[in-house]
Amino acid sequence: MSYNPKETEEKWQKYWEEKRLYQAEDPVPYGKPAGPKKYILVEFPYPSGDGLHVGHVRSYTALDAISRKKRMEGFNVLFPMGWDAFGLPTENYAIKKGIHPSQATEKNIFNFRRQLKSMGFSFDWSREVNTTDPKYYKWTQWIFLKLFEKGLAYQSEMPINWCPSCKIGLANEEVVGGKCERCGTPAEKKNLKQWMIKITAYADRLIEDLKELDFPEKVKTQQINWIGKSYGAEIDFKIENSEDSIKVFTTRADTLFGVTAVVLAPESPLAEKLITQENKKKAEKYIEEAKRKSDFEREEEEKEKTGVFTGSYCVNPVNGEKVPVWIGDYVVASYGGGAVMMVPAHDYRDYDFAKKYGLGIREVVSGGDILEEAFVDYGVLKNSGRFDGLSSKEAIEKITEWLQKKRLGGKKVHYKLRDWVFSRQHYWGEPIPIIHCQKCGMVPVPEKELPIELPYVEKYQPTGTGESPLSVIENWVKIKCPKCGGEAKRETDTMPNWAGSNWYYMRYCDPENDKELADKKKLEYWMPVDWYNGGMEHTTLHLLYSRFIYKFLFDIGVVPQSEPYKKRTSHGMVLAEDGRKMSKSFGNVINPDTVVNEYGADTLRLYEMFMGPFGQAIAWNTQGVRGIYRFIEKFANLFEETSKNKESSEEIQRELNKLNKKVTEDLEQMKFNTIISSFMEFVNLGLDKKEETGKDSLERALLLLSPFAPHLAEEFWQRLGKKSSIFEQKWPEFDPKMIQEKEIGLIVQVNGKMRDKIIVPFGISEDEAKKLAISSEKVKNWLEDKEIKKVIFVPDKLINIVV
RNA sequence: GGGCAAGUGGCGGAAUGGUAUACGCGGUAGUCUCAAAAACUACUAGUCGCAAGGCUGUGAGGGUUCGACUCCCUCCUUGCCCACCA
């Protein structure tokens, strides 16, 4: 064997590191005059105790290949790496192993870094960031202070999702199917004072600005749906014998005459107030039960709607009708004010509810049969007084206008997006830089005192009371108020995982800066990120929230544009050989170290590029890895047997140009699997025609292969006697003229079926092609006794004779 | 219930209006070997045929076209995301 990956790979990794080949150049006046830049970004990993996943390798290899090609094309490339290291998994891991989270983090990062380096990725390690480094989280806290200053960070007592097992509050995004995202325990509701971030203030801009971005449509629609903007009306239902009114949100103001009840969410503060004496027992018990039930349990009960009458009534503003007020658990507390107008005739849920509790069903839009089921489409109004005969569309407009005039309601826009619960009652996170003073209230920590470092403690287990472990460290909590000097206490909640990952890509532009989160000139040069690859699972979390934070920083003049990412792509998951998710409990995890030890990093890299379309989930196949290793051996053979030949034949050169074109173009479109197949075809052809293949072709093939198999490419490049690294070379250009063959196989069809393939000179005329086609023996049989009706000629491709 | 993808050999997949199944895996036979592994060579969608060759074939059905895996319509299946959002 003429190529031994084990020996070779480490050698070149060292060589590249010494040459500092992958360091990005800052713009003047900090660096050399910088040419055009490309900022290529992969989501930084969470350094877990499990080590690098082969899924990381897939997306990092892809973007590494792109970065390498861009450098060879002359771009000043920033391709950085760092660690998203705060958060629950490390804290849990530390508790389990009995070591401190900071030590666990250090150990895990060390391992991840070693693994990434063994893959030969071209990261600029001089810009490494770590979210748990006080020098880094100083600026995470600074961003929080700015949000607080602008009124976008606030505290609010609210029912939050609570995991009884982790003893921690969860963001809506962390509750999946009613269960805690991490441990799978059904989430409960618990009232706690929480820090909130007002992302809703940016809802419109987050939708609007998507238009300009090069994101997959799927990502855009998912974000739009998540924000969930809907246009409708807010309508006031005056409560009988009271000054108060119930505000309901509806997108179907046209059905207002069909209201036969108003239903409140059990959590609604109004609900309790409206319960009358005679309904007290029943209704209060109902509320208590409903509150105790988690969202999940409510869902599990086969969506059977339940409810209870409060005893109170309100007034339908459009016709003065007296309408009963109910409480029902099908009403979502956090949307639309937690109240709905119930129109059984024209809403499925209301229909079920009304049927169950014997409430009236009144048809006000014609078009369906409401004895059978609710009619939810638009139609023509009836039983609606002066609005009869209008179409639903017109009626929505007219009725809303009328309400607005009477000051009983009006147009209203609602969002599904809710403000972001930004506090965790945990140890392993950034302390929130706020001080609570008895006299002055909430006082922000003065900027010059940042960072507020996380105190090193022995006990970091959750308290379980809902308070963070920091709350028991008295000498840390107690502090003088920076405003009045009186007694005060530090905020003891910490920030969620997302806080550090919101802005990490800005820090790469200027990772050492102690005066600002990053220098403005550097941000102006590097931002926005030109290409950001990550997982679909981050679409409505990290990707949306970091866009919001970037917009906020733009508004306060810290960053140069309002969108951080120009282009977004996403990779598919790498599944285990059995088609399931890789998981320790299934025992089906593939460790990249094992593959690297056995076959080398290049084999793993090539395999992951070859295994299937980049955007698709795909199962691991151990035999497939062997197949790639065979390819590497074949390549080495080809090299050994042909590198002494001088010039390649015309055919080989043509195929090489085709390969050149394919790699250059498909790389941009992330069609890596077909690129690797083309290399295989080229090598197979070269081995078939050893005498025709020479040094010139090998050189170019190595350049083309170098982004994918950098070690192998460098090794053979240097074996050819080159004095500089292959990565200091220019990306090869292809010659379109060389791709054109002199003779081509023209397809001959009769009635659209292929009957023959004839060799003809390139650029043959229709007449000549026709003559040749008709005279073909095979074709003659199919034309016998038949009249030629029509001939379709596609130049240099095919000729179709219709008989 | 809503939204978005996708259905092609034994398997991963290629071809996005013009040779369907490239490339790889697996399989079969052979070479080498005391033997095995590895490697190499040939074959590998189904079907009829000694062969030449024919016919069928890209989830199902229909349509557009000289020509459809590809475009349009209806349906089925699978996957992902969202979901009592008024």
Side-chain angles (χ1 to χ4, degrees), chain A residues 1 176-177 216-222 224-226 228-230 232-233 235 248-253 255 262-263 265 295 298-299 301 303-305 328-343 346-350 352-353 376 414-418 536-537 539-540 572-573 579 606-607 610-613 615-628 630-631 633-634 637 671 673-684 687 745-757 778 781 789-794 796-803:
Chain A
M1 175 58 191
V176 178
E217 276 314 306
K218 205 177 162 185
V219 170
K220 289 190 185 183
T221 33
Q222 247 182 62
I224 289 167
N225 291 342
W226 186 262
K229 187 176 187 176
S230 70
I235 302 174
V248 304
F249 175 71
T250 181
T251 54
R252 292 297 301 274
T255 64
V262 165
V263 188
D295 289 345
R298 279 198 210 172
E299 215 171 285
E301 282 167 11
K303 309 209 171 180
E304 172 84 23
K305 291 164 187 53
D329 65 0
Y330 77 101
V331 179
V332 179
S334 50
Y335 184 80
V340 300
M341 59 183 219
M342 194 192 72
V343 187
H346 305 292
D347 182 281
Y348 295 122
R349 294 151 302 180
D350 294 347
D352 290 348
F353 194 75
V376 297
H414 251 287
Y415 301 91
K416 281 194 224 173
L417 183 73
R418 278 167 254 158
M536 272 312 282
E537 70 274 18
T539 301
T540 53
M573 262 205 291
L606 287 174
Y607 172 65
F610 180 66
M611 65 196 301
Q616 233 170 68
I618 205 123
W620 189 264
N621 183 321
T622 305
Q623 291 301 325
V625 181
R626 286 211 58 84
I628 290 291
R630 268 178 220 139
F631 163 72
E633 288 183 315
K634 277 188 189 176
N637 277 343
K671 287 155 85 175
N673 52 335
T674 54
I675 291 180
I676 308 302
S677 335
S678 302
F679 274 115
M680 289 173 172
E681 283 175 288
F682 182 77
V683 170
N684 290 343
L687 285 173
L746 188 81
I747 307 302
V748 183
Q749 293 183 336
V750 179
N751 285 352
K753 290 212 163 173
M754 196 201 49
R755 294 303 175 192
D756 198 9
K757 182 173 169 181
K778 285 179 192 164
N781 293 331
K789 280 193 193 148
K790 203 171 166 186
V791 173
I792 284 125
F793 178 68
V794 183
D796 300 317
K797 256 194 183 152
L798 103 174
I799 184 159
N800 184 12
I801 300 160
V802 185
V803 294

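Residue numbers begin at 1 in each chain, while the letters A, B, ... track the order of the sequences.
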Among B:G54, B:A14, B:A86, the one nearest any side-chain atom of A:R755 is B:G54
Problem set entry | Separation of the C1' atoms in B:U56 and B:G79, to the nearest angstrom | 30 Å
With syn defined as a glycosidic angle within 90 degrees of 0 and anti as anything else, the base of B:G54 is anti
Under a 3.5 Å limit on both distances, the Watson-Crick or wobble mate of B:C71 is B:G63
Under a 4.0 Å heavy-atom criterion, the protein footprint on nucleotides 3-9 of chain B, written with B, S and -, is -S-----
For this session: Report the relative orientation of the aromatic rings in A:F249 and A:Y335; use parallel for angles under 30°, tilted for 30 to 60°, perpendicular for over 60°.
Result: perpendicular
Regarding the side chain of A:R626, the nearest nucleotide among B:C84, B:A39, B:G18 is B:A39
Between the base of B:G24 and the side chain of A:Q623, is there a donor and acceptor pair under 3.5 angstrom? no
(message) Using OP1 and OP2 only, check whether a side-chain N or O of A:N621 sits under 4.0 Å from B:G13.
(response) no
Discussion item. Please tell me if A:Y348 has a side-chain N or O lying less than 4.0 Å from either OP1 or OP2 of B:G1.
Written reply: no
Determine whether the side chains of A:N800 and A:K790 contain a donor N or O and an acceptor N or O closer than 3.5 Å. no
A correct 5'-to-3' footprint of nucleotides 40-48 of chain B, with B, S and - meaning base, sugar-phosphate only and no protein heavy atom under 4.0 Å, is S--------
Discussion item. Ignoring hydrogens and geometry beyond distance, is the side chain of A:K305 in donor-acceptor contact with the base of B:C84 at under 3.5 Å?
Written reply: yes
Answer for the Watson-Crick or wobble partner of B:G26, both distances under 3.5 Å, is B:U44
Checking B:A15, B:U19, B:G12 against the side chain of A:K757 (C-beta onward), the nearest is B:U19
5'-most contact on RNA chain B (nearest-nucleotide basis), A:F249 vs A:M680, goes to A:M680
Atom C1', compared across B:C11 and B:G2: separation rounded to whole Å = 34 Å
Side-chain atoms of A:W226 come closest, of B:A83, B:G18, B:A15, to B:A83
Regarding the side chain of A:S230, the nearest nucleotide among B:A86, B:C25, B:G67 is B:A86
Side-chain donor-acceptor pair under 3.5 Å between A:Y607 and A:N621, yes or no? no
5'-most contact on RNA chain B (nearest-nucleotide basis), A:N673 vs A:T251, goes to A:N673
